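To keep things clear, I will list the structure first and then write my remarks on it.
Computed from a predicted structure; not experimentally measured. Residue numbers begin at 1 in each chain, while the letters A, B, ... track the order of the sequences.
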Protein chains: 2
Amino acid sequence: MGVSGVGKSTIGELLSQELNMPFFDGDDFHPKENVLKMSNQQPLNDDDRRGWLHTLNKLAIKHSKENGCIIVCSALKKSYRDILNKQIQDHSKWVFLEGSFDQIKERINNRKGHFMSSELLTSQFDILEEPDNAIKIDVSLTPNKIIEMLKKELINKSDFGLFGLGVMGKSLSRNLARNGFRLSLYNRHVKGSEEAVAKNFKSEFEELASAMPFDQIEPFINSLQKPRKIMLMVNAGHIIDSVINDLLPFLDADDILIDGGNSNYKKTKERYDYLKSKGIHFIGTGVSGGEKGALMGPSIMPSGAKDVYKKVQPFLEAIAAKDANNLPCCTYIGPEGSGHFVKMVHNGIEYVEMQLLAEVYVMLKALGHQPDQIAYILEAWKETANSYLLNITIDILRKKEDNDWLLNSILDKAGNKGTGNWATIAATELGVPSTMISSALFARYTSFFKEERVAASKNFESTEKKNLDISQETLLKAYQFARIINHYQGFNLIQKASDRYQWTLNLSELARIWTNGCIIKSDLMEGLVPVFETTNNMITYEDIIQKIKFLKPSIKKVVSEAVLNELPIPNFSEAINFLNSFAVANSSANLIQAQRDYFGAHTYQRIDDASGKFYHTNWETN
Amino acid sequence: MGVSGVGKSTIGELLSQELNMPFFDGDDFHPKENVLKMSNQQPLNDDDRRGWLHTLNKLAIKHSKENGCIIVCSALKKSYRDILNKQIQDHSKWVFLEGSFDQIKERINNRKGHFMSSELLTSQFDILEEPDNAIKIDVSLTPNKIIEMLKKELINKSDFGLFGLGVMGKSLSRNLARNGFRLSLYNRHVKGSEEAVAKNFKSEFEELASAMPFDQIEPFINSLQKPRKIMLMVNAGHIIDSVINDLLPFLDADDILIDGGNSNYKKTKERYDYLKSKGIHFIGTGVSGGEKGALMGPSIMPSGAKDVYKKVQPFLEAIAAKDANNLPCCTYIGPEGSGHFVKMVHNGIEYVEMQLLAEVYVMLKALGHQPDQIAYILEAWKETANSYLLNITIDILRKKEDNDWLLNSILDKAGNKGTGNWATIAATELGVPSTMISSALFARYTSFFKEERVAASKNFESTEKKNLDISQETLLKAYQFARIINHYQGFNLIQKASDRYQWTLNLSELARIWTNGCIIKSDLMEGLVPVFETTNNMITYEDIIQKIKFLKPSIKKVVSEAVLNELPIPNFSEAINFLNSFAVANSSANLIQAQRDYFGAHTYQRIDDASGKFYHTNWETN
């Protein structure tokens with residue numbers, strides 16, 4: 001593309017020979033009416049052009065399915081390019097031949113037998129809307145030099161870089177490659193433990209045939225088309241910062257780094273600001289789905305500057321899972337840090353969903369069931385409480401090794417990688433009572449003190465127990481109750497953060513991209529998409545109110561019975577305790593305020609003084 | 001004090017005239033035996049000196065109760081000075097007349113009729129142990145100049161500075177003044193809101209007669225004896241940093257800043273390091289007891305460098321509460337930051353103790369009792385569960401205003417000032433399941449959403465309730481159970497931090513200084529002092545094991561009944577759920593580990609492989 005006389009045909013034809021690709025001059029495809037008009041010296045208007053541009057677009061689509069082609073066309077307006085680009089935006093490459101008015105006027109006038117009026121050229125420059133995402137070429141260079149540069153950019157350069165080939169990095173790479181993107185793959189070289197990782201990985205999978213493997217940073221960076229798009233899939237924490245500093249010397253302005261790891265949202269904001277000061281863009285992205293999700297389609301939660309996101313959107317949307325309406329489970333979340341925040345809360349909700357299933361398992365075991373029987377019971381729960389985590393739990397419960405269930409051999413010390421931890425800290429800092437996430441986190445922490453637990457189990461041998469009087473149906477209802485409270489608390493934490501940081505997040509979109517690809521996908525999540533279209537506070541939604549009221553007697557029964565039987569059910573307990581604490585018009589916090597005022601003169605407000613004035617009482621003088 | 005010939009008598013006599021105080025030459029108080037020995041040219045040994053030094057000490061004590069006196073004595077060894085200083089260490093002032101060997105030899109030789117052998121003077125310099133905490137005077141100055149300097153240091157300079165005269169700063173000032181310390185008091189000048197605060201405060205209380213008030217930093221600093229000891233009683237957070245930076249230009253090396261506010265322990269460590277780089281000492285100190293405790297005797301938790309602590313110890317110990325054995329409720333906690341850490345956990349324990357009383361109130365109210373009846377019931381609980389917080393709760397429940405209880409008019413939105421918040425974050429970061437602190441914190445947070453609560457109370461009106469079947473005795477037992485778990489979790493958090501940061505904290509000493517002066521003083525705390533002498537893990541202590549087992553049926557009953565009756569009792573619930581989760585040899589965390597391995601390949605360990613090896617299973621292929 002470029003203004004008339006800039007040399008599009010010359011360069012296009014040369015490139016066609018060099019790349020062995022068919023060449024088309026756009027002007028040859030005008031319909032008769034247009035040719036007639038032009039021959040009558042009448043200028044074309046946008047209506048005249050529309051059909052012609054669609055013709056060129058069809059031509060491009062046809063060849064994009066074969067070996068590609070080269071088309072030249074002035075394509076001065078963005079609206080023209082949008083038509084030309086339809087359906088091929090992920091695969092098309094734009095070359096913008098660029099020169100100043102005087103430069104081009106001189107070129108034209110130097111051509112044998114050509115003369116162009118200044119007026120005509122001026123009008124071309126007037127309507128020119130420069131493209132964002134094109135390879136820009138200075139036409140004052142020699143054609144040979146231009147062809148050399150274009151070959152480098154178009155042929156030898158990748159669309160997208162993947163930095164770090166751990167479990168998630170590998171899966172995302174294969175997913176991207178399957179979607180037709182040409183990749184550069186990087187993994188560091190660590191003698192003895194990480195050698196030729198990228199190279200070996202490439203050779204392992206057919207879909208990576210066109211990918212380029214690296215274990216050196218500079219050639220990796222240089223292998224990418226500008227503006228470069230590099231997704232970092234390395235361990236969260238200090239490593240991200242050191243990777244960024246390793247990359248920086250080789251990056252150019254407007255290159256884009258994407259952090260797809262579970263980074264702390266506050267750090268993402270800091271990195272965004274740091275990179276901005278260096279002219280580099282940064283997209284912090286939550287990615288959920290584990291190894292399999294990353295490969296088959298994860299749920300993706302990108303955040304950062306919206307215009308920058310647009311440039312990586314085709315890649316992320318292509319690899320994302322698809323929802324029930326076949327829309328990608330990937331959506332622009334909001335300003336820097338918000339993507340990692342919502343991913344952190346996603347994981348918090350996940351901690352709770354896992355812990356609730358562990359507590360269900362405890363109770364069904366206490367009712368005398370073996371793992372395969374429990375799996376059988378849970379199988380029936382799919383009808384009303386289906387979720388990915390329920391499904392994998394059933395698989396786990398069925399897994400045998402020799403004559404025993406594998407589960408029975410697994411050490412009961414639960415690990416964590418930091419997101420549940422951060423979610424608890426975020427709730428604490430934001431003043432939001434996310435009791436279930438913290439309870440699920442602490443349940444893992446408690447499990448970790450195995451030796452102290454074994455000692456305590458001997459010291460506190462159960463004294464008086466009674467029969468556990470819970471039906472499977474009651475348990476299922478209690479489980480559903482707890483899951484609703486969990487989802488309420490999780491989305492409420494996000495909403496409160498959105499208010500605090502002015503992110504204006506869209507909870508319904510969030511629920512939608514969590515309906516597939518991610519670990520917490522479930523029928524319940526599907527149901528929340530329309531709920532959040534009408535309210536940000538799901539427990540004010542009539543259907544949910546009715547459901548909670550319907551399920552409440554069951555959780556009361558289950559918690560009461562489990563406590564009497566000394567079963568560890570911290571998360572079920574929190575669920576009902578939260579509602580009992582929250583749905584109270586007049587709480588006992590007045591006593592707390594009185595105590596604080598008594599010993600610390602912290603003052604209190606009064607229910608009969610709407611002004612919010614603070615009072616202090618000398619409590620001792622009764 | 002100082003070597004022979006340095007001019008002690010001359011200066012002492014001049015000073016005596018100037019200050020109108022009796023003067024005594026120590027040499028005049030030798031017993032006959034010593035005089036005889038000396039007249040026989042026999043040198044005195046330390047045994048000879050002991051009785052004499054005690055005589056001088058008695059002389060000093062006698063005069064310290066009147067208008068003071070001036071005593072000269074070479075007092076070259078620290079051990080001599082320790083005897084001289086007995087019982088008056090908080091009030092004595094040492095002046096060290098200092099000169100070089102040659103200087104002093106020349107002075108002596110210039111005296112009419114005097115001659116001192118080099119050998120004798122050498123031996124004096126050999127045994128001289130220079131004092132730390134004395135006013136050092138260069139004897140090459142003229143006597144007039146020396147007297148002028150001493151007058152300034154002794155008469156016009158204060159022992160201790162108090163920076164910030166809020167509720168706590170004022171109470172501590174009065175406490176210090178009552179203990180005979182001469183104070184410099186500073187409060188900033190804020191036009192219209194804080195004007196002449198220090199001056200007005202001084203004029204308000206008789207005990208502050210000798211205190212000097214300031215609202216300018218430079219004269220405040222210059223009014224203090226060196227090394228200066230300045231206690232900062234300002235709001236925690238950034239204000240501390242800005243105050244430190246305001247003070248720094250006027251401080252000298254070895255001056256000591258004491259932060260007595262509720263600062264974050266991590267920040268205290270940072271400030272310690274920062275000030276160290278400037279040559280200034282820093283003591284981070286927890287102070288508990290509220291307004292009244294600060295005035296009558298708080299519990300004090302100082303940390304920092306131990307040798308620096310020694311210099312402020314007399315001040316802090318003098319104002320601290322006294323335990324049952326009349327020892328000060330003030331002890332050196334450990335390295336920098338540890339004092340604020342333990343104060344933070346103290347407050348976490350306090351949050352729980354308060355919340356448990358609020359839940360007791362909820363249940364007794366649900367049983368149909370009015371506040372005064374509840375007070376009457378709790379009065380009887382003092383016998384087995386006495387504590388400061390129980391006592392103030394009784395006062396609160398009895399407080400009437402017109403014809404209603406004042407409590408009924410207090411708005412039920414509980415505030416917080418950050419320490420419960422930090423304690424939850426610390427637990428989260430340290431991997432310690434402090435479930436009760438976080439639960440008490442979140443109960444306050446929940447209360448804060450008053451409008452949402454009122455709306456929810458309408459939507460979730462209770463459906464089916466039954467009679468609350470709890471006796472007062474059962475409730476008391478459940479309360480005692482929950483308090484034991486609370487104290488276990490609190491001290492466990494401290495122990496785990498001590499392990500992590502290598503603080504080697506002494507839990508028994510900590511319990512001891514929390515037996516008086518502080519908000520969580522209680523009979524239970526008294527009982528923990530000997531427990532922690534034998535173990536850092538109180539729930540391995542036989543008496544406590546028996547107590548927990550004895551109380552457990554009651555908390556099971558109470559939680560079960562309260563949940564069935566939809567009463568908000570999150571903290572009681574956490575107490576029993578914690579024990580039920582912790583005293584379990586084989587928990588359900590094996591399922592969590594299997595789930596994590598399933599979706600994220602996070603691996604697991606096996607109970608039948610003690611090597612700790614990590615396993616991964618492909619769970620889908622059943």
Side-chain angles (χ1 to χ4, degrees), chain A residues 167 290-291 354 358 361-362 392 395-396 398 409-412 414 421 424-425 428 431 433 435 438 442 445-447 454 456-457 459-460 519 545 556 559-560 563-564 566 568 570 573 577 580-585 587-595 598-601 604-607 619 622, chain B residues 167 290-291 354 358 361-362 392 395-396 398 409-412 414 421 424-425 428 431 433 435 438 442 445-447 454 456-457 459-460 519 545 556 559-560 563-564 566 568 570 573 577 580-583 585-595 598-601 604-607 619 622:
Chain A
V167 168
E291 185 177 4
M354 292 165 74
Y361 164 66
V362 162
I392 73 166
D395 286 352
I396 289 165
R398 285 185 176 142
S409 298
I410 294 183
L411 183 64
D412 53 329
N421 175 330
T424 300
I425 292 173
T428 302
T435 57
S438 69
F442 286 152
Y445 285 177
T446 302
S447 78
V454 171
S457 77
N459 290 334
F460 298 102
I519 307 292
I545 292 171
K556 285 160 58 177
V559 169
S560 159
V563 165
L564 290 174
E566 301 182 12
S573 266
N577 265 296
N580 287 345
S581 301
F582 191 73
V584 167
S587 78
S588 59
N590 57 344
L591 180 59
I592 308 264
Q593 285 300 79
Q595 290 167 330
Y598 191 120
F599 64 69
Y604 58 86
Q605 293 167 293
R606 292 179 61 108
I607 53 172
W619 293 89
N622 264 303
Chain B
V167 169
E291 186 178 2
M354 290 165 75
Y361 164 65
V362 161
I392 72 167
D395 285 350
I396 289 165
R398 286 186 176 143
S409 298
I410 294 183
L411 183 65
D412 53 327
N421 175 329
T424 299
I425 293 174
T428 302
T435 57
S438 69
F442 286 153
Y445 285 177
T446 302
S447 79
V454 171
S457 77
N459 291 333
F460 299 103
I519 307 290
I545 292 170
K556 285 160 56 177
V559 168
S560 159
V563 165
L564 290 174
E566 302 183 11
S573 267
N577 265 296
N580 287 346
S581 302
F582 191 73
N586 295 300
S587 78
S588 59
N590 57 345
L591 180 59
I592 307 265
Q593 284 301 79
Q595 290 167 331
Y598 191 120
F599 64 69
Y604 58 86
Q605 292 168 294
R606 291 179 61 106
I607 54 173
W619 293 89
N622 264 303

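Between chain A and the residues B:Gly290, B:Ala583, B:Ala456, B:Ala594, the most heavy-atom pairs under 4.5 angstrom are made by B:Ala583. Ranked by heavy-atom pairs under 4.5 Å with chain A, the first of B:Val362, B:Asn421, B:Val559, B:Thr424 is B:Asn421. Ranking A:Ser587, A:Ser438, A:Ala601, A:Ser581 against chain B, the residue ahead of the rest is A:Ser587, based on heavy-atom pairs under 4.5 Å. Annotation: maximal heavy-atom pairing with chain A below 4.5 Å, among B:Asp412, B:Val167, B:Asn577, occurs at B:Asp412. Note: B:Gly431 leads B:Gly431, B:Pro570, B:Ser447 in heavy-atom pairs under 4.5 Å with chain A. With chain B as partner, the option from A:Leu591, A:Ile392, A:Thr446, A:Val454 having the largest number of non-hydrogen pairs under 4.5 angstrom is A:Ile392.
You'll find the side chain of A:Phe460 reaches within 4.5 Å of the side chain of B:Ile545, heavy atoms only.
Taking both residues in full, the closest heavy atoms of B:Thr428 and A:Phe442 are given as OG1-CZ, 4.0 Å, listed atom of the first, atom of the second, then distance. In terms of heavy atoms, B:Leu564 sits closest to A:Lys556 at O-CE, 3.1 Å.
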*Show your working on side chain to side chain contact (heavy atoms under 4.5 Å, CB included) between B:Gln593 and A:Leu411 and close with a plain yes or no.*
CA-CA 8 Å; B:Gln593 284 301 79; A:Leu411 183 64; over 6 Å; no

*For side chain to side chain contact (heavy atoms under 4.5 Å, CB included), just list the numbers for B:Tyr361 and A:Ile592, CA-CA rounded to whole Å, side-chain angles, deciding distance to a tenth of an Å, and then say yes or no.*
CA-CA 11 Å; B:Tyr361 164 65; A:Ile592 308 264; over 6 Å; no

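Both the backbone and the side chain of B:Phe582 have a heavy atom closer than 4.5 Å to some heavy atom of chain A. Heavy atoms closer than 4.5 Å to chain B are found in both the backbone and the side chain of A:Phe599. When heavy atoms are compared at a cutoff of 4.5 Å, B:Ser409 approaches chain A by way of both its backbone and its side chain. The contact between B:Val563 and chain A is made by backbone and side chain atoms together, counting heavy-atom distances below 4.5 Å.
Distance OH/A:Tyr598 to CD1/B:Ile396: 7.0 Å, rounded to 0.5 Å.
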